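Heads up, the thing below is written out as structure tokens.
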Protein chains: 2
Amino acid sequence: MIDRIDRRILSILQEDSTVPVAEIGRRVGLSTTPCWRRIQKMEEDGVITRRVAVLDPKKVNAKVTAFVAITTNEHTDDWLRKFADVIREFPEVVEFYRMAGQVDYLLRVAVPDIDAYDDFYKRLIAKVNIADVSTSFAMEQIKYTTELPLSYIVAEKPKANMS
Amino acid sequence: MIDRIDRRILSILQEDSTVPVAEIGRRVGLSTTPCWRRIQKMEEDGVITRRVAVLDPKKVNAKVTAFVAITTNEHTDDWLRKFADVIREFPEVVEFYRMAGQVDYLLRVAVPDIDAYDDFYKRLIAKVNIADVSTSFAMEQIKYTTELPLSYIVAEKPKANMS
DNA sequence: ACTGAAATTAATTCATC
DNA sequence: GATGAATTAATTTCAGT
């Protein structure tokens with residue numbers, strides 16, 4: 001499925017997607033065409049989902065992160081679907097998880113400051129009924145990466161060898 | 001600093017950085033050259049920090065997210081520097097925040113399953129001394145985006161404004 | 001599956017207004 | 001500051017092994 005070479009290609013593209021295909025090929029010991037084909041296939045297969053520009057949170061005035069732990073009394077699929085639809089409308093919510101344990105949902109919210117968070121919070125609870133909310137603020141983002149670990153990729157199936 | 005047109009360009013590039021400059025120009029009502037110049041400038045200014053390929057967590061076998069809340073007794077700058085260096089070596093840690101409130105640090109860790117998290121955890125505590133650790137697992141990632149909200153950008157005319 | 005070259009399309013520069 | 005053409009560099013296709 002994803003072999004060693006693919007993994008090295010992914011590692012390069014996760015770090016910098018502007019590296020030319022010919023250069024990626026050179027680094028992994030492949031000429032342009034097969035390297036391009038591998039990238040193409042990983043896009044078709046949905047391994048690579050998108051290529052995006054990453055912005056500096058400070059420069060766009062959204063450097064404060066709030067983690068919002070939400071507990072609710074409603075646990076139906078229908079409620080979650082509605083809740084998720086509301087959440088998706090808020091560009092401030094950059095991550096949204098359904099949790100195991102006491103907390104039901106966790107949001108990561110990107111805002112300029114505490115006041116803007118407070119405003120966001122009011123707009124949120126006006127749209128959706130949530131029982132209990134607990135917010136924690138991050139003082140500093142020490143590490144943030146879109147790069148996923150590639151070491152857990154399941155090893156390529158050994159090819160059947162005739163002869 | 002960042003005007004309405006820049007903002008629209010950022011919005012496009014945050015969503016899909018493969019859109020050709022000529023097409024971006026067309027969408028924002030600009031011809032290729034000035035549009036290209038604006039993008040170039042935003043890269044120089046550090047507004048756009050990088051262009052990356054985003055992968056599907058399921059496809060690379062890292063779909064489980066663990067949130068690790070860490071409390072420590074050591075609060076010196078030196079300890080944090082060392083701690084941060086250790087953390088940066090773990091590709092499983094995709095986000096790392098210094099928090100306000102009871103919890104000192106929060107990690108988001110990407111792993112295939114609970115067993116892999118346990119292994120990661122052992123490797124982590126072997127490298128760094130942390131007093132209290134509380135882990136919560138996400139059952140489902142309902143929303144994840146690298147797109148930051150652009151509505152908080154302050155459109156400033158005057159020059160010489162840092163960060 | 002890969003190579004190397006050709007064809008196509010995009011990025012980048014430049015002359016000009 | 002913007003435009004449109006010219007140039008450079010990349011992507012994508014194709015013939016051959």
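A quick note: this is a predicted structure, and the numbers were derived from the prediction, not measured. All chains are named by letter (A, B, ...) in the order of the sequence lines, taking the proteins before the strands, and each is independently numbered beginning at 1.
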Separation of B:Ile9 atom CD1 from D:dA2 atom C1', in whole Å? 13 Å
Not counting sequence neighbours, list each pair that qualifies as a ring-ring contact (aromatic ring centres under 6.0 Å, His included) and has a residue in residues 34-55 of chain B. none
Strictly below 4.0 Å, N to O, side chains only: are A:Glu92 and A:Arg123 in salt-bridge contact? yes
Whole-Å distance between C:dA1 C1' and A:Ile39 CD1? 16 Å
Would you kindly give the CZ-to-P distance between A:Arg38 and C:dT3, to the nearest whole Å? 10 Å
Expressed as a whole number of angstroms, how long is the span from A:Arg26:CZ to D:dT11:P? 14 Å
End-to-end axis angle, where each axis spans five pairs of the helix from C:dA1-D:dT17 to C:dC17-D:dG1, to 10°: 10°
Residues A:Tyr117, A:Phe137; criterion ring pair (Phe, Tyr, Trp, His ring centres under 6.0 Å); working and verdict: CA-CA 10 Å; A:Tyr117 173 74; A:Phe137 290 96; 5.2 Å; yes
Base, backbone or nothing for each nucleotide of nucleotides 4-17 of chain C, written B, S, -, heavy atoms under 4.0 angstrom, 5' to 3'? BB----SSBBB---
State whether the side chain of A:Lys59 and the backbone N or O of B:Thr49 hold a donor-acceptor pair below 3.5 Å, judged by distance alone. no
Does B:Tyr144 form a side-chain hydrogen bond (donor to acceptor under 3.5 Å, both in side chains) with A:Arg108? I'd like the steps, not just the answer. CA-CA 9 Å; B:Tyr144 171 81; A:Arg108 182 164 88 82; over 6 Å; no
What I want to check is whether the side chains of A:Thr76 and A:Asp78 have a donor and an acceptor closer together than 3.5 Å. no
Would you check if the distance from the ring center of A:Phe90 to the ring center of A:Phe120 is below 6.0 Å? yes
A:Gln14 side chain to A:Leu148 main-chain N or O, any donor-acceptor pair under 3.5 Å? yes
Starting at atom CD of A:Glu44, determine the distance to atom C1' of D:dT12, rounded to an integer number of angstrom. 13 Å
